[in-house]
Engineer: 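Pasting a structure here, questions to come.
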Amino acid sequence: RKLYVTHYDAIKWRRGAGASNLVVVDTEQMIVRERRPLCAAAHGVRLSSNDDFLYATCGPDHMAVVNLREPTVPVTLVPVPGGGPASSPSCQRCPYAIGVAPDGTVWLSNLGPGGGGVGRGSVEVFDPQRDGGSFDPVRRIPLRGRPVFASFVADATMAGGYRVIVPEQAGPGDSLRIYTPGAPGQAPAAMGDITLDPQQCLNAHMMAIDAAGDRGHLICEGDQRGPGSFLWLDLASNTVRGAVPIGVFPDGLALVPSLATP
């Protein structure tokens, strides 16, 4: 019944003109119920599984945690390890994307210094149960390229019940990096990767996984001037099954469950 929308107002951030907005939309009436400042260049946004908290990346090396249970809807800015101050017009880690795992941990992807033009990004894991909510330094994953939106595949063989897939933009030459979830105080372990053919995928961005956990659906932005692409993958064999070009600069996707046939 509610849709939460962030505004990645990078121009406002670079000019030091203040926070971008979080907009709350009533999806039954299709009207804006609330518009409130959140943080500078708010981008990736996800809800906790119980809808009590909202998490969003903030351009200047912070993550916003919004308490939706409280009537005042307080916002807490949590520094990303190794980042700069919230008031900075630039970034050191440059947080961009977020995924919430089945165990409630938040996987935050940093593009890398200055927005990731040179890569050297990382993934940080925020644990809401750790010291009242904090990043676990042991679970940090450094990468060569720019990690984006993490996805999670149910896996009963893992201690946490899932494995993690992180698209890495290293253009050209993107990959899907696969990890164990790790645990409090225990680093995730690499489980391999899926190498993406640059003729099929440039700038891998966001993946949706079907309910069975068998198939992944990946959006690749392309060069942001011509067509991007849509790939589908077999997650049992970690192979690309097919690819088709789609419109200019595709960004995200969602899977809509089909209705049961009467």
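When a residue number appears, it is its place in the shown sequence, counting from 1.
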Engineer: With a 3.5 Å distance limit and no angle check, can you tell me whether Ser20 reaches the backbone of Asp9 through a side-chain donor-acceptor pair?
Structural biologist: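 Answer holds: no.
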Engineer: With side-chain hydrogen bond (donor to acceptor under 3.5 Å, both in side chains) as the rule and sequence neighbours excluded, what pairs involving residues 238-256 come up?
Structural biologist: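 Residue pairs passing side-chain hydrogen bond (donor to acceptor under 3.5 Å, both in side chains), neighbours aside: Ser237-Thr239.
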Engineer: Side chains of Ile98 and Trp107: closer than 4.5 Å at any heavy-atom pair?
Structural biologist: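 Of all side-chain heavy-atom pairs linking Trp107 with Ile98, none is under 4.5 Å.
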Engineer: Rounded at 0.5 Å granularity, tell me how far OG in Ser122 sits from CZ in Arg144.
Structural biologist: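 If I round to the nearest 0.5 Å, the distance is 15.0 Å.
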Engineer: Side-chain heavy atoms under 4.5 Å apart, restricted to Ile/Leu/Val/Met/Phe/Trp/Tyr: what other residues fall into the cluster of Trp13, or is it alone?
Structural biologist: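 Same cluster as Trp13: nobody, lone residue.
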Engineer: Please round to the nearest 0.5 Å and tell me the distance separating atom OG of Ser109 and atom CZ of Arg146.
Structural biologist: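 The CZ atom of Arg146 is 11.5 Å from OG of Ser109, to the nearest 0.5 Å.
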Engineer: Do Pro188 and Ile141 have side chains that get closer than 4.5 Å, going by heavy atoms?
Structural biologist: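 SC-SC contact between Pro188 and Ile141 confirmed.
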Engineer: What I'd like to find out is whether the side chain of Val73 reaches to under 4.5 Å of the side chain of Val66, using heavy atoms alone.
Structural biologist: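 A side-chain contact under 4.5 Å exists here.
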Engineer: Please round to the nearest 0.5 Å and tell me the distance separating atom CG of Leu68 and atom OG of Ser48.
Structural biologist: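 Nearest 0.5 Å value for the CG-OG distance: 7.0 Å.
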Engineer: Compare all side-chain heavy atoms of Arg69 with those of Phe53 and state whether any distance is below 4.5 angstrom.
Structural biologist: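 In contact.
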Engineer: Going by side chain to side chain donor-acceptor pair (under 3.5 Å), name the residues that satisfy it together with Ser49, two or more places apart in sequence or in a different chain.
Structural biologist: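 Not a single residue meets the side chain to side chain donor-acceptor pair (under 3.5 Å) criterion with Ser49.
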Engineer: Please enumerate all residues that pass side chain to side chain donor-acceptor pair (under 3.5 Å) together with Thr76, with sequence neighbours excluded.
Structural biologist: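 Scan of Thr76 (side chain to side chain donor-acceptor pair (under 3.5 Å), adjacent residues dropped) gives none.
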Engineer: Donor-acceptor pair, distance only, cut-off 3.5 Å: does the side chain of Asp103 make one with the backbone of Gly160?
Structural biologist: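 Not a single qualifying donor-acceptor pair exists.
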Engineer: Of all residues at least two apart in sequence or in a different chain, which pass the side chain to side chain contact (heavy atoms under 4.5 Å, CB included) check with Pro81?
Structural biologist: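 Here the qualifying residues are Glu124, Phe135.
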Engineer: Less than 4.5 Å apart, any side-chain heavy atom of Arg15 and any of Pro89?
Structural biologist: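 Arg15 vs Pro89: side chains apart.
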Engineer: Tell me the side-chain hydrogen bond (donor to acceptor under 3.5 Å, both in side chains) pairs involving residues 179-206, sequence neighbours left out?
Structural biologist: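 Output for this query lists Tyr96-His205, Arg177-Asp193, Asp193-Thr195, His205-Glu221.
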Engineer: Applying side chain to side chain donor-acceptor pair (under 3.5 Å), can you list everything that pairs with Asn21, at least two apart in sequence or on another chain?
Structural biologist: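 Partners of Asn21 by the side chain to side chain donor-acceptor pair (under 3.5 Å) criterion come out as none, since no residue qualifies.
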Engineer: Which distance, rounded to the nearest 0.5 Å, do you find between the CG of Leu22 and the SG of Cys39?
Structural biologist: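 Reported to 0.5 Å precision, the distance equals 9.0 Å.
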Engineer: Any pair with a residue in residues 52-61 that passes side-chain hydrogen bond (donor to acceptor under 3.5 Å, both in side chains), sequence neighbours left out, goes on the list, sorted by first then second residue, please.
Structural biologist: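 Qualifying pairs: Asn50-Asp52.
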Engineer: Report yes or no: do Leu108 and Val125 belong to one cluster of Ile/Leu/Val/Met/Phe/Trp/Tyr joined by side chain heavy-atom distances under 4.5 Å?
Structural biologist: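 Leu108 does not cluster with Val125.
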Engineer: Any chain of hydrophobic side-chain contacts (each under 4.5 Å) joining Leu77 to Leu54?
Structural biologist: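 Same cluster.
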Engineer: If you count heavy atoms of other groups shown closer than 6.0 angstrom to CZ of Arg215, is the number above 12?
Structural biologist: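 Counting neighbours around CZ of Arg215, 12 or fewer heavy atoms of other residues, nucleotides or ligands fall under 6.0 Å, so no.
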Engineer: Would a 4.5 Å heavy-atom cut-off, applied to side chains only, mark Trp232 and Val244 as touching?
Structural biologist: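 In short, these two side chains touch, coming nearer than 4.5 Å.
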Engineer: So, does Lys12 use its side chain to make a donor-acceptor pair with the main chain of Ala19 at under 3.5 Å?
Structural biologist: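 Yes, the answer is positive, given that a donor and an acceptor are paired below the 3.5 Å cut-off.
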Engineer: Run the side chain to side chain contact (heavy atoms under 4.5 Å, CB included) test against Leu255 and tell me which residues pass, sequence neighbours left out.
Structural biologist: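 By the side chain to side chain contact (heavy atoms under 4.5 Å, CB included) rule, Leu255 matches Ala208, Asp210, His217.
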Engineer: Could you work out the complete set of other residues in the hydrophobic cluster of Val240, with links drawn between I, L, V, M, F, W and Y side chains under 4.5 Å apart?
Structural biologist: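 Its cluster mates, by chain and number, are Val153, Met158, Ile165, Leu176, Ile178, Met191, Ile194, Leu196, Met207, Ile209, Leu218, Leu231, Leu233, Leu235.
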Engineer: If you link ILVMFWY side chains whenever their heavy atoms are less than 4.5 Å apart, which other residues fall into the same cluster as Ile31? By chain and number, please.
Structural biologist: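 Reading the cluster by chain and number, Ile31 sits alone, since nothing else belongs.
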Engineer: Quick one: does Asn67's side chain get under 4.5 Å of Val65's, heavy atoms only?
Structural biologist: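 The answer is no, as the side chains (C-beta and beyond) never meet within the 4.5 Å cut-off.
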Engineer: Got a second to check how far Tyr8's OH is from Thr6's OG1, nearest 0.5 Å?
Structural biologist: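 Reported to 0.5 Å precision, the distance equals 10.5 Å.
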Engineer: Would you compute the distance between atom OG of Ser175 and atom CD of Gln169 and round it to the nearest 0.5 angstrom?
Structural biologist: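 Between atom OG of Ser175 and atom CD of Gln169 there are 11.5 Å.
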Engineer: Ser134 side chain to Arg130 main-chain N or O, any donor-acceptor pair under 3.5 Å?
Structural biologist: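 The answer is yes, because a donor-acceptor pair under 3.5 Å joins these two groups.
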Engineer: Pairs in or reaching into residues 27-42: which pass side-chain hydrogen bond (donor to acceptor under 3.5 Å, both in side chains), with residues at least two apart or in two chains?
Structural biologist: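 Matches after skipping sequence neighbours: Asp26-Arg33.
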Engineer: May I ask you to decide if Phe126's main-chain N or O and Arg139's side chain share a donor-acceptor pair within less than 3.5 Å?
Structural biologist: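 Answer holds: no.
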